[in-house]
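For the single chain, residues carry numbers from 1 onward in sequence order. Here the structure is a predicted model, which is why all the values come from computation and not from measurement.
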Amino acid sequence: MARHRPSLSLPSIAAGLRAALRDGYGLADLRHDILAGLTIGTVAVPLSMALAIATGVPPQHGLYTAIVAGAIIALTGGSRFNVSGPTAAFVVILFPIVQQYGLGGLLIATMMAGLILVVLGIAGMGRLIQYVPYPVVLGFTAGIAVVIAVLQVPDFLGLEVGQLGEHFIDNLGRIAASLPSLDPFELGVGAFTLGVMLLWPRLRVPVPAPLVGLVAGAVVVYAINRMFGDPATGNAVETIASRFSWEVHGETGVGIPPIAPSFAAPWRFPGADGEPLILNFALIRALLGPAFAIAMLGAIESLLCAVVSDGLTRTRHDPNAELIGQGLGNIVAPLFGGITATAAIARTATNIRSGARSPIAAVVHALVVLLSVVALAGLLGLVPMAALAALLFIVAWNMSEARHFLHTLRSAPPGDVAILVTCFTLTVLFDMVLAVAVGIGLAAALFIRRMSLLTQTQRIDSGAPSLDGLPDEIALYDINGPLFFGAAEKALTSLHLVDRRVRVVILDMHDVPSMDGTAIVALEALIDEMHREGIALVLVGLPTRILVKLRRAGIRKAAGRLTYCRELSHARRVALRWLARAA
């Protein structure tokens, strides 16, 4: 008879789209998706440009990310409502990569991160990544917000600070030293735009505040440049068009190229020295650490976003399919000039509030961004840099979750507060890679310590009524909690006997749900020690799966030395019989 072999179950691609279609999708749903996509698209255009500039690359690469990755992730991911594109969370990771390896290095690292995400999704790791502790997430997101805000200060104030580096303290020093170069026009435009974006939502007009603020700022700057512009440059206030230039297929221009994203090998983009990169093993090895950090942060951000969207819509996402979709988007987007993408909570929440019904809304959002690039590139070039800095100030503030941060500092247990402060400090002063690694390590150590405190061993009084009068030569111990490397040694070493009359030990293990390799080794050592002292051991109530582990490890029944029982009553009879034989 042929033996049945279980088949490998792979995550379902496009689980979010499949779920929406399976529940029924009609023209009314399509209309809602189109309207939601139009709304999100208008929000995504300025945000994509601002986040690309904050990362250290020209603004069109942020737009290409929203176009390519936004559409691919929506169609292949596991959430109905996630809207993906460049996000503020990545700025702290991506900015140092651009400083060291240039745009080409960033695109290659993004593709590598995409491959890691696909592997994580296929391996079914979506559920595990959701268990990253909240203090870790809050600590590094608040740290990211601080770094983003500081990076925007030069553009907001119009400072002549030059190119900022990757170290926070050095950047603070350079900004402070350049304060005498403050430009009142830049500061005025930034403050005006910030005020418009903060006050506009109070009017309850269904037009996104970022769009209104940037348009108002652009109009003001256009007037200022016409009246007070420098005769040499024509600008009193810096705009996208005055800072950035482009060259595509032999054509050149300023601002944003008015063409759709086209295929280009990532390694043909310039490195930090302005020359095309040489793709080799050394470069791949150097980018592996940053790529892993990008993948981990992208997984955390996208899955948290999916959980938030589930809570708002009472739906369920497929976390593994979402990881695969995020991976595919980050593999393909760099081939068209797009940088790292993940789901954005703010855009996703706006998508849901705008009435989205399926991933089609995110696809429409990508088409709106594409149309803006092709048809409105000239107008986008008029957006002032100070206005984009004001927009990122708001993004950073919302991302910081300052109220939750302060509340956690006041009310959380000391261990969680230590993790929060450590992740925040490392993110600001060093980098995200170190912050996430140390934060998760501290959280794991804290978890192990707490779990070890739950595992206890205590001796049961031989005069208890349930024992029906055990003789003094038989000792009963009760073990409660999992036996793993953090608790096994403590639990089992407490069995060292003080009473030398005891000849049989009964271990009640009904409340031991699991044992790992360390616990098995400790149990073997305990059995050998008791055998040398002439003491027999009876294990009671172990689940079948643990018994199988013990037998595979060679811990088997031995007459007068070791046996297994299901119930205490049976163990009592066995212990008395062994005691009688020994006598």
Side-chain angles (χ1 to χ4, degrees), residues 39 41-54 58-59 62-63 88 91 145-161 164 175-176 178-231 233-244 254-256 346-347 350 372 376-400 402:
T39 302
T42 57
V43 174
V45 169
L47 277 175
S48 298
M49 294 190 300
L51 292 170
I53 293 171
L63 297 171
V91 170
V146 171
V147 175
I148 291 174
V150 169
L151 291 176
Q152 306 318 305
V153 170
D155 282 340
F156 190 82
L157 301 180
L159 304 180
E160 297 178 3
V161 70
L164 292 178
I175 291 172
S178 64
L179 285 177
S181 65
L182 183 147
D183 188 319
F185 282 127
E186 299 277 2
L187 175 59
V189 170
F192 171 74
T193 306
L194 183 62
V196 171
M197 287 189 284
L198 291 176
L199 296 175
W200 182 258
R202 299 185 181 184
L203 300 179
R204 300 187 183 279
V205 178
V207 179
L211 178 64
V212 175
L214 293 183
V215 169
V219 171
V220 170
V221 167
Y222 181 79
I224 291 175
N225 286 339
R226 290 293 299 270
M227 291 185 291
F228 304 102
D230 187 336
T233 63
N235 292 295
V237 177
E238 194 170 27
T239 63
I240 290 177
S242 65
R243 175 175 294 189
F244 296 99
V254 295
I256 296 171
R347 271 163 276 176
T350 304
S372 300
L376 303 176
L379 294 177
L380 295 178
L382 298 177
V383 174
M385 300 302 300
L388 290 176
L391 173 59
L392 287 179
F393 277 151
I394 294 177
V395 171
W397 172 257
N398 293 333
M399 186 178 184
S400 69

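- Residues Ala402 and Trp397 share a closest heavy-atom pair of CB-CH2, 3.8 Å.
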* Start with the C-alpha distance between Val91 and Val147, add both sets of side-chain angles, then the distance that settles side-chain contact (heavy atoms from CB on, under 4.5 Å), and finish with yes or no. => CA-CA 9 Å; Val91 170; Val147 175; 5.8 Å; no
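- Taking the side chain as every heavy atom from C-beta outward, Leu151 and Ile148 never approach each other to under 4.5 Å.
- For the pair Glu186 and Leu157, the minimum side-chain heavy-atom distance is 4.5 Å or more.
- Rounded to the nearest 0.5 Å, atoms CZ (Phe393) and CZ (Phe156) are 5.5 Å apart.
- Sorted by first and then second residue, the side chain to side chain donor-acceptor pair (under 3.5 Å) pairs involving residues 146-155 (not counting sequence neighbours) are Asp155-Arg243.
- Within the 4.5 Å cutoff, side-chain heavy atoms of Leu194 are placed close to those of Ile394.
- In terms of heavy-atom proximity, Asp183 sits nearest to Ala236 at OD2-O, 3.9 Å.
- Checked by atom type and distance alone, the side chain of Thr193 never pairs as donor or acceptor with a backbone atom of Ala390 at under 3.5 Å.
- By the 4.5 Å heavy-atom criterion applied to side chains, Leu182 and Leu159 are counted as neighbours.
- Between Val383 and Leu388 the shortest side-chain heavy-atom distance falls below 4.5 Å.
- Between the side chain of Ser242 and the backbone N or O of Glu238, no donor-acceptor pair lies under 3.5 Å.
- Contact annotation: the side chain of Pro46 approaches that of Leu391 to within less than 4.5 Å [non-hydrogen atoms, C-beta and beyond].
- The main-chain N or O of Val237 is found under 3.5 Å from a side-chain atom of Asn225 such that the two form a donor-acceptor pair.
- Closest non-hydrogen pair, Gly62 versus Ala52, comes out as N-CB, 3.5 Å.
- The shortest non-hydrogen separation linking Val395 to Ala88 is CG1-CB, 3.6 Å.
- Under a 3.5 Å cut-off, the side chain of Trp200 and the backbone N or O of Leu211 do not form any donor-acceptor pair.
- Shown here for Ala386 and Val189, the closest heavy-atom pair between the two residues is CB-CG1, 4.3 Å.
- Within the 4.5 Å cutoff, the side chain of Met385 has heavy atoms near those of the Ile240 side chain.
- The shortest side-chain heavy-atom distance between Val146 and Ser400 does not fall under the 4.5 Å cut-off.
- We find the CD-CG distance between Glu160 and Leu179 to be 12.5 Å, quoted to the nearest 0.5 Å.
- Remark: Leu392 CG to Ile53 CD1 distance equals 8.5 Å, nearest 0.5 Å.
- To the nearest 0.5 Å, the span separating CZ on Phe192 from CE on Met197 amounts to 10.5 Å.
- Taken to the nearest 0.5 Å, the OG atom of Ser48 stands 5.5 Å off from the CZ atom of Arg347.
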